[in-house]
Amino acid sequence: MTGTVHLVGAGPGAPDLLTLRAARLLGEADIIFHDALVHPDTLALATRAEKIAVGKRCGRHSTAQRFINKRLIDAARSHRVVVRLKGGDPMLFGRAQEEIDALVAAGIPVSVVPGVTSALAASADLRQSLTQRGVSRSVAFVTPRVSADTPDSAWADAAVAADTAVIYMGAKEAAAVSAALIARGKPPGLPVAIVENVSLPEQRILPTTLAALPQAVAALGDGPALLLIGEVYADIAVVRRVQQRRVA
Ligand code: SAH
């Protein structure tokens, strides 16, 4: 027999930010290979599946990609419904293509179920649109984490070309991000919103500027974080103060 491997987006963290299709497939799954960051309540929807954690927590040990590909292929040869559950959307910084290519080469049917990527959930948390008439007409999703054979300035050029840039996997490289964007002409005072643990109760928003970014990230905990950079974030600090005053 050959089963189907479904690459499923788990969303940014909150278990109720999952698509209905993802929830249905979790219920039907025979075996699930999931990222480390997937919420326990999301995994709990998979009542009958064997659940296998396959790492992928930036900065920590993660299972080698080729080994994951092989395990997915082997699983599809002995299970009907195989789910590969990935944080956010599978098609953004999730190494989905390597898995799809390996599965297709092995003759295994693949489906992909989109998820809410963390940049969009962060925008919801911030109540700040990525685009805004007269301020931002373009958005770049970039990551400064590059492999040895990729020219390492391409991400910065893309971030500079866009009105709003969302940096994935960038908190640990904050000093390099700040320096690269300022060197390419972005103003040091450009507003930045750092959002940690998007969509979860532990969520934190830190408003800062491009120049102050390296110092600002020191206040982060060890949750995943995004750097959102652009003029649209000019009022984040003000909005936060008003909200905190209302809550207090
Ligand atoms: N496919 C995922 C991204 C995987 S790359 C997606 O679509 O969101 C991992 C990076 O995503 C992290 O380093 C962080 O920058 C970001 N990220 C993922 N979940 C997050 C969360 N809950 N809060 C903040 N950032 C998050």
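Just so you know, ligand 1 is whichever comes first in the structure, and atom 1 is the first atom listed for that ligand. As the structure is a prediction and not an experimental result, all values here were calculated from the model. Along the sequence shown, residues carry numbers from 1.
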Is it the case that ligand 1 has an N or O less than 3.5 angstrom from some N or O of D89? yes
Do V82 and H6 come close enough that some side-chain heavy atom pair is under 4.5 Å? no
Ignoring hydrogens and geometry, is there a side-chain-to-backbone donor-acceptor pair from E231 to V135 under 3.5 Å? no
Taking the minimum heavy-atom distance to atom 15 (O) of ligand 1, which of G88, A225, P12, P224 ranks first? A225
Can you establish whether the number of heavy atoms outside R184 located under 6.0 Å from its atom CZ is more than 12? yes
Checking heavy atoms under 4.0 Å, the part of L37 that sits near ligand 1 is neither
At a 4.0 Å threshold, what atoms of ligand 1 neighbour a non-hydrogen atom of Y168? 3 (C), 6 (C), 8 (O), 11 (O), 15 (O), 16 (C)
Which option out of S118, A121, G87, G13 puts a heavy atom nearest to atom 16 (C) of ligand 1? S118
Yes or no on side-chain contact (heavy atoms from CB on, under 4.5 Å) for I229 and V177, after CA distance, side-chain angles and deciding distance? CA-CA 10 Å; I229 302 172; V177 168; 4.2 Å; yes
Which of the atoms in ligand 1, numbered in the order shown and given with their element, are less than 4.0 Å from a heavy-atom of T117? 6 (C), 7 (O), 8 (O)
Does CZ in R24 sit with more than 12 non-hydrogen atoms of other residues, nucleotides or ligands closer than 6.0 Å? yes
Any nitrogen or oxygen of F93, main chain or side chain, under 3.5 Å from a nitrogen or oxygen of ligand 1? no
Pick one of side chain, backbone, both or neither for how V195 approaches ligand 1, counting any non-hydrogen atom pair under 4.0 Å. backbone
For the side chain of R204 and the backbone of A219, is there at least one donor-acceptor N/O pair under 3.5 Å apart? yes
